[in-house]
S.K.: 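Shown below is the structure under consideration.
The residues of the chain are indexed from 1 along the displayed sequence. The figures here come from the full heavy-atom set of this structure, side chains too, leaving out hydrogens, waters and symmetry mates.
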Amino acid sequence: MAEKYVQTLERSLDVLEVLAHAEEPLGVTEIGTRISLHKSTVHRILQTLCHRGYVERKKDSERYQLGIKIIELGIRFFNDLEIRKVAGPVLGDLVKVLDEVVHLVLPDDGEIVYIDRAETSQVVSMHSKVGRRAPMHCTAVGKALLSTMPEEEVRHILELKGMTRYTPNTITDPETLLVGLRTIRESKISIEKEENEIGIICLGTPIFDYSGRAIGAISVSGPASRINEKGIDWIGEELKSSGQLISAKLGFDFFQKS
């Protein structure tokens with residue numbers, strides 16, 4: 001039996017998703033074009049969403065952006081995530097040891113989503129921020145998660161999402177990536193050397209729940225010169241230990257699962 005959906009609600013969600021992915025406020029016509037809706041329909045949806053606080057109109061313009069209500073819901077969602085509550089103190093301790101940026105991510109639809117970031121005292125500029133999505137094939141956290149999956153699932157994700165080249169170091173060949181994932185599967189440490197951003201090295205490790213399923217990953221990122229100076233092996237072991245601690249707090253038994 002086919003599922004039945006509420007068309008108006010689906011269209012409203014389409015509008016919210018377009019605004020969420022836009023880098024600047026959009027006009028009614030722009031929104032309608034992106035989701036193939038007549039501008040009169042888009043206008044009615046926007047008026048309702050504005051009334052409820054989920055969208056707001058820019059002052060003195062006819063352009064729209066997400067409203068404060070969306071932020072409230074997002075914060076509530078992030079605060080309710082058990083993995084974030086458990087990982088937070090561990091990430092804080094890891095930053096104190098390494099003095100580099102630490103991330104926590106979750107997998108979603110063949111990509112990763114940053115849900116937490118612990119800051120370093122040092123200067124570093126990176127694209128990553130809480131709520132941002134990123135590909136799996138060229139991020140340390142993404143590769144850490146891919147390493148826990150069956151090969152056919154990895155191939156499906158790579159075929160579905162592609163392997164976009166972001167830097168000269170980005171791996172764009174599936175077979176080369178699969179070979180690397182086998183090594184990560186054994187070591188539980190992934191390394192991404194300027195594959196996503198020039199000048200940045202990132203190390204990742206997966207997080208497991210009580211059932212042994214990889215539900216997320218954490219990473220350490222910093223300027224290539226600084227990461228190399230501190231020592232990739234040392235950073236990797238510290239990261240791995242923190243990942244194991246978070247997994248243990250979530251109920252994962254390394255002795256029974258090994």
S.K.: From N196 CG over to C202 SG, what is the distance, rounded to the nearest 0.5 angstrom?
M.R.: 8.5 Å
S.K.: Under the rule for salt bridge (Lys or Arg N to Asp or Glu O under 4.0 Å), what residues qualify as partners of R57, not counting sequence neighbours?
M.R.: E62
S.K.: Between the side chain of Q65 and the main-chain N/O of P25, is any donor-acceptor distance below 3.5 Å?
M.R.: no
S.K.: Which pair of non-hydrogen atoms, one from T170 and one from T164, has the smallest distance, and what is that distance?
M.R.: CG2-O, 3.3 Å
S.K.: Is V141 linked to Y166 within one hydrophobic cluster, defined over Ile, Leu, Val, Met, Phe, Trp and Tyr using a side-chain heavy-atom separation of less than 4.5 Å?
M.R.: no
S.K.: What I want to find out is whether D99 reaches K230 closely enough, with some N-O distance under 4.0 Å, to be called a salt bridge.
M.R.: no
S.K.: Keeping the roles fixed (side chain from H137, backbone from T172), state whether a donor-acceptor pair exists under 3.5 Å.
M.R.: no
S.K.: Is there a donor-acceptor pair under 3.5 Å between the side chain of K143 and the backbone N or O of I191?
M.R.: yes
S.K.: Going through the checks in order, is the salt bridge (charged side-chain N to carboxylate O under 4.0 Å, His left out) test met by R155 and E151?
M.R.: CA-CA 6 Å; R155 289 186 182 277; E151 186 173 304; 3.2 Å; yes
S.K.: Can you tell me how far apart CD (E111) and OG1 (T139) are? Round to the nearest 0.5 Å.
M.R.: 10.0 Å
S.K.: Closest heavy-atom contact between Y54 and L16?
M.R.: O-CD2, 4.1 Å
S.K.: Is there a donor-acceptor pair under 3.5 Å between the side chain of K161 and the backbone N or O of H156?
M.R.: no
S.K.: Under 3.5 Å, is there a donor-acceptor pair between the side chain of S247 and the main chain of F208?
M.R.: yes
S.K.: For a side chain to side chain contact (heavy atoms under 4.5 Å, CB included) with L181, tell me which candidate from V179, T183, I184 qualifies.
M.R.: I184
S.K.: Mind checking what makes side chain to side chain donor-acceptor pair (under 3.5 Å) contact with D109, not counting sequence neighbours?
M.R.: none
S.K.: For the pair E17 (side chain) and D14 (backbone), establish whether a donor and an acceptor sit closer than 3.5 Å, ignoring hydrogens and angles.
M.R.: no
S.K.: Say you draw a straight line from CD of E197 to SG of C138; how long is it, rounded to the nearest 0.5 Å?
M.R.: 9.5 Å
S.K.: So, does D209 use its side chain to make a donor-acceptor pair with the main chain of R213 at under 3.5 Å?
M.R.: yes
S.K.: I need the L106 CG to I207 CD1 distance, nearest 0.5 Å.
M.R.: 10.0 Å
S.K.: Using a 3.5 Å distance criterion without hydrogens, assess whether the side chain of T148 forms a donor-acceptor pair with backbone atoms of A144.
M.R.: no
S.K.: What heavy-atom pair brings E194 and E192 nearest, and what distance separates the two atoms?
M.R.: N-OE2, 3.3 Å
S.K.: What are the two closest non-hydrogen atoms of R11 and T41, and how far apart are they?
M.R.: NH1-CG2, 4.0 Å
S.K.: For the atom pair CZ (R165) and CD (E195), what is the distance rounded to the nearest 0.5 Å?
M.R.: 10.5 Å
